[in-house]
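Reviewing the structure listed below.
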Amino acid sequence: MLAKHMRGFTIAGAMLFSLSGCSGMDSTVASATGTDLLSATQWYVALDVVSIINTDKTIADHVISMSTGRDCSTVRSSMGEPYCKTDPIPEPPLYCYRTLASVNCYATPDPYNTGKRPIDWPPTRGRSL
């Protein structure tokens, strides 16, 4: 867990140093907003660091994830995993019915046309058999 956060700090630090030379519009933004506290680049890097620490994603990763509908992360790709997670293959639904001594489950609803109602199997918390 600590290694994961350290990798996030390393990526955030690398981004900070790579963006430190991009200060052409920073003075314009600072004068337009009336604050010389932080430049636009510094705000972006600060928000990016907070985003990486909390979600393991950069701001750009969030934009890409929202536009593609997949879970994408630079931190994950730096660990040797794919940039975007593949969608899991959904399992087919099971239709389970009570029998005399047990519960039988089938891939199709009521395969023997008995007219029985399917039950929730395996039972979820808070529901009884």
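Values below: every heavy atom of this structure, side chains too, minus hydrogens, waters and symmetry copies.
Looking only at side-chain heavy atoms (C-beta outward), T86 and R70 come within less than 4.5 Å of each other.
By the ring pair (Phe, Tyr, Trp, His ring centres under 6.0 Å) test, Y106 pairs with Y112, sequence neighbours left out. The side-chain hydrogen bond (donor to acceptor under 3.5 Å, both in side chains) test applied to N104 returns no partner, not counting sequence neighbours. Scanning for side-chain contact (heavy atoms from CB on, under 4.5 Å) contacts around P118 gives Y97, with sequence neighbours left out. Residues satisfying the side-chain hydrogen bond (donor to acceptor under 3.5 Å, both in side chains) criterion with S73, sequence neighbours excluded, are absent altogether. Partners of T99 under the side-chain hydrogen bond (donor to acceptor under 3.5 Å, both in side chains) rule, at least two apart in sequence or in another chain, are S102.
Nearest heavy-atom pair, T58 versus I52, reported as atom, atom and distance to 0.1 Å: CG2-CD1, 3.7 Å. Across all their heavy atoms, T108 and Y95 have their closest contact at C-CD1, 3.5 Å.
Using a 4.5 Å cut-off between side-chain heavy atoms of Ile, Leu, Val, Met, Phe, Trp and Tyr, M66 forms no hydrophobic cluster with any other residue. Using a 4.5 Å cut-off between side-chain heavy atoms of Ile, Leu, Val, Met, Phe, Trp and Tyr, V50 forms no hydrophobic cluster with any other residue. As a member of the Ile/Leu/Val/Met/Phe/Trp/Tyr network built from side-chain separations under 4.5 Å, I64 groups with Y83.
Sorted by first then second residue, the salt bridge (charged side-chain N to carboxylate O under 4.0 Å, His left out) pairs that include residues 101-115, not counting sequence neighbours, number zero. Within the structure, every pair that satisfies the salt bridge (charged side-chain N to carboxylate O under 4.0 Å, His left out) test and touches residues 83-94, not counting sequence neighbours, is listed here: D71-K85. Counting only residues at least two apart or on different chains, the disulfide (SG to SG under 2.5 Å) pairs with a member in residues 41-92 are C72-C84.
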Discussion item. Run the side chain to side chain contact (heavy atoms under 4.5 Å, CB included) test on T55 and H62 for me, step by step, so that the C-alpha distance in whole Å, both residues' side-chain angles and the decisive distance to 0.1 Å come before the verdict.
Written reply: CA-CA 9 Å; T55 64; H62 284 288; 3.1 Å; yes
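Considering CG of D61 and OG of S51, their distance stands at 7.5 Å, rounded to 0.5 Å. Taken from OG1 in T41 to CG in D48, the straight-line distance is 12.0 Å, to the nearest 0.5 Å.
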